[in-house]
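Lettering follows sequence order; numbering is per chain, from 1.
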There are 2 protein chains.
Amino acid sequence: MKISKKCQYALKAILELARRNPGKPIKTHDIANAQRISPRFTEIILNELKHGGFVESRRGNEGGYMLARDPKALTVREVIEYIQGAISVAPEAIKDNGDTAFFGNEAFKELWQEVNSAVTEVCGNKTFADMVEFEQAKREKCVPNYCI
Amino acid sequence: MKISKKCQYALKAILELARRNPGKPIKTHDIANAQRISPRFTEIILNELKHGGFVESRRGNEGGYMLARDPKALTVREVIEYIQGAISVAPEAIKDNGDTAFFGNEAFKELWQEVNSAVTEVCGNKTFADMVEFEQAKREKCVPNYCI
DNA sequence: TTATTTCCTACTGTATTAGTAGTATATTAT
DNA sequence: ATAATATACTACTAATACAGTAGGAAATAA
């Protein structure tokens with residue numbers, strides 16, 4: 001399972017929303033700028049995320065997007081699965097209707113399922129609140145705003 | 001990281017070699033047949049595996065391929081990394097020279113590294129001997145050769 | 001009404017993947 | 001030696017997915 005650029009952008013966009021104080025909609029333009037994503041592509045992605053219930057939108061002047069979910073309860077896994085489908089390194093090999101008559105069929109199924117579980121667990125345990133916190137901690141460490 | 005068909009075929013080919021008693025070279029044709037791979041594509045893959053030192057070849061009549069490594073000490077990870085490069089779900093995002101100036105840079109790096117480690121561990125612990133054994137156990141269970 | 005911004009559909013260039021084709025080269029059996 | 005067989009190697013191609021663009025329609029606030 002490769003994480004596509006689009007999917008990475010989606011995660012970035014949500015992180016950007018999660019990081020800002022809520023209450024006011026944020027423009028795609030701002031999100032695109034902050035996260036270095038093509039503005040037009042950002043539109044598409046945010047619109048898609050809206051259909052998935054991850055963000056809310058407001059049109060017109062002073063419009064934009066707001067996070068629709070609590071960052072503490074929103075995992076990376078959910079977003080990935082919505083944008084690029086179920087996490088799997090070898091989707092065809094796991095299907096039950098696949099070719100089953102060769103030696104190794106069961107062993108490979110088992111292998112890929114183990115891999116998928118491992119990935120799913122990591123992504124399912126990582127919330128956007130975690131990520132915001134992690135990033136802020138890192139930045140504080142590197143650029144301390146106090147002197148000895 | 002998606003596991004490409006080619007890579008899956010490579011794993012299958014090696015499993016097929018690991019499963020058979022060694023000593024005699026096995027023809028690509030037989031491997032292709034047993035594992036349901038396009039014969040011509042099998043050639044390419046086996047040749048590539050030879051350059052990686054995974055198999056040995058013998059040309060001419062009664063020629064074919066033989067496993068060059070001990071299945072007990074050969075892991076799935078090695079083959080995957082040889083055929084499609086280092087295991088990573090988001091190679092660009094992990095590089096150090098990448099764009100670092102946006103919020104989330106560090107958090108995403110950490111995330112993808114966790115995912116990669118998880119996958120690498122699973123694949124690095126699975127040997128071809130394991131897989132042959134697993135498959136044989138499964139088959140014995142389903143088609144027992146004894147009666148009560 | 002005007003400026004702004006989301007919403008929606010369709011299109012396009014590029015890269016990767018999966019597989020094919022043709023031929024050269026090596027080995028063995030006879 | 002020669003015919004038959006099988007690997008070795010290079011190049012090509014069709015299909016698919018990915019990443020991003022283009023153009024306008026609809027909604028909202030001032």
Side-chain angles (χ1 to χ4, degrees), chain A residues 1-13 17 23-33 35-68 80 83-86 88-93 99, chain B residues 1-13 17 24-33 35-68 80 83-85 88-93 99:
Chain A
M1 150 120 318
K2 169 129 177 284
I3 308 293
S4 68
K5 274 265 190 301
K6 184 180 175 184
C7 186
Q8 292 186 42
Y9 292 161
L11 294 170
K12 285 171 120 194
L17 288 174
K24 224 180 69 176
I26 298 164
K27 303 191 210 318
T28 52
H29 182 75
D30 290 343
I31 297 172
N33 262 12
Q35 292 290 329
R36 316 282 174 99
I37 314 170
S38 146
R40 224 64 209 297
F41 204 20
T42 309
E43 272 185 38
I44 291 183
I45 290 164
L46 282 167
N47 188 28
E48 210 165 321
L49 286 172
K50 183 194 153 198
H51 285 104
F54 297 100
V55 301
E56 284 167 2
S57 72
R58 201 144 89 205
R59 288 195 183 187
N61 204 344
E62 299 299 307
Y65 287 92
M66 305 163 64
L67 207 53
I80 294 177
I83 295 289
Q84 50 175 288
S88 178
V89 292
E92 341 74 51
D99 187 3
Chain B
M1 148 121 318
K2 169 130 177 281
I3 308 294
S4 68
K5 275 264 190 299
K6 183 180 176 185
C7 186
Q8 292 187 42
Y9 293 160
L11 295 170
K12 286 171 120 192
L17 288 175
K24 224 180 67 176
I26 298 166
K27 304 191 209 317
T28 52
H29 181 75
D30 290 343
I31 297 170
N33 262 12
Q35 292 290 330
R36 316 283 173 96
I37 314 171
S38 146
R40 223 62 211 288
F41 204 21
T42 308
E43 269 185 39
I44 291 183
I45 290 163
L46 282 167
N47 188 28
E48 210 166 324
L49 286 172
K50 182 194 155 199
H51 283 103
F54 298 100
V55 301
E56 284 167 3
S57 72
R58 200 144 91 206
R59 288 195 181 189
N61 204 345
E62 299 299 306
Y65 287 92
M66 304 164 64
L67 207 53
I80 294 177
I83 296 287
Q84 50 174 289
S88 177
V89 293
E92 341 76 51
D99 185 4

Trainee: Please report the interatomic distance CD1(Ile37(A)) to CD1(Ile44(A)), rounded to the nearest 0.5 Å.
Mentor: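 Going from CD1 on Ile37(A) over to CD1 on Ile44(A), the span is 12.0 Å.
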Trainee: Given side chains that start at C-beta, do those of Ile45(B) and Thr28(B) come closer than 4.5 Å, heavy atoms only?
Mentor: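 No; the side chains remain at least 4.5 Å from each other.
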Trainee: Rounded to the nearest 0.5 Å, what separates atom CG in Asp30(A) from atom OH in Tyr65(A)?
Mentor: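 Interatomic distance, Asp30(A) CG to Tyr65(A) OH, rounded to 0.5 Å: 13.5 Å.
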Trainee: Val55(B) pairs by side chain to side chain contact (heavy atoms under 4.5 Å, CB included) with which of Ile26(B), Asn47(B), Leu49(B)?
Mentor: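 So the option named by the test is Leu49(B).
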Trainee: Would you give the length of the straight line joining atom CG of Asn33(B) to atom OG1 of Thr42(B), rounded to the nearest 0.5 angstrom?
Mentor: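 With rounding to 0.5 Å, CG (Asn33(B)) is 9.0 Å from OG1 (Thr42(B)).
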Trainee: Determine which pairs satisfy salt bridge (charged side-chain N to carboxylate O under 4.0 Å, His left out) with at least one residue from residues 41-62 of chain A, sequence neighbours left out, and list them in order.
Mentor: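 The answer is Lys6(A)-Glu48(A), Arg40(A)-Glu43(A).
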Trainee: If every non-hydrogen atom of Pro25(B) is compared with every non-hydrogen atom of Met66(B), which pair is closest and at what distance?
Mentor: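 So the minimum-distance heavy-atom pair works out to CA-CG, 3.5 Å.
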Trainee: Which of residues 46-53 of chain B sit near DNA chain C, with a heavy atom under 4.0 Å from it?
Mentor: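 Result for residues 46-53 of chain B: none.
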Trainee: Any chance you could measure Leu17(B), atom CG, to Lys12(B), atom NZ, to the nearest 0.5 Å?
Mentor: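 These two atoms lie 13.5 Å from each other.
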Trainee: Dot-bracket for DNA chain C: what is it, with Watson-Crick or G-U pairs under 3.5 Å, [ ] where a pair crosses earlier ones, and | for a pair to another strand?
Mentor: ||||||||||||||||||||||||||||||
Trainee: What are the 5'-most and 3'-most nucleotides of DNA chain C lying under 4.0 Å from any heavy atom of chain A?
Mentor: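 Endpoints of the contacted stretch of DNA chain C: dT4(C) to dC8(C).
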Trainee: Just to verify, what does Lys27(A) make a side chain to side chain donor-acceptor pair (under 3.5 Å) with, not counting sequence neighbours?
Mentor: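 Lys27(A) satisfies side chain to side chain donor-acceptor pair (under 3.5 Å) with no other residue.
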Trainee: Would you give a per-nucleotide map of nucleotides 16-28 of chain D, 5' to 3', where B means the base has a protein non-hydrogen atom under 4.0 Å away, S means only the sugar-phosphate does, and - means neither?
Mentor: ---SBBBBB-BBB
Trainee: Measure the spacing between NZ of Lys5(B) and CD of Glu92(A) and express it to the nearest 0.5 Å.
Mentor: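 Those atoms lie 3.5 Å apart.
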Trainee: Taking all non-hydrogen atoms of both residues, which atom of Ala68(A) and which atom of Gly53(A) are closest, and how far apart?
Mentor: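 What the structure gives for the nearest pair is CB-O, 3.6 Å.
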Trainee: Between Gln35(A) and Tyr9(A) (side chain of the first, backbone of the second, donor and acceptor by atom type, cut-off under 3.5 Å), is there such a pair?
Mentor: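 No.
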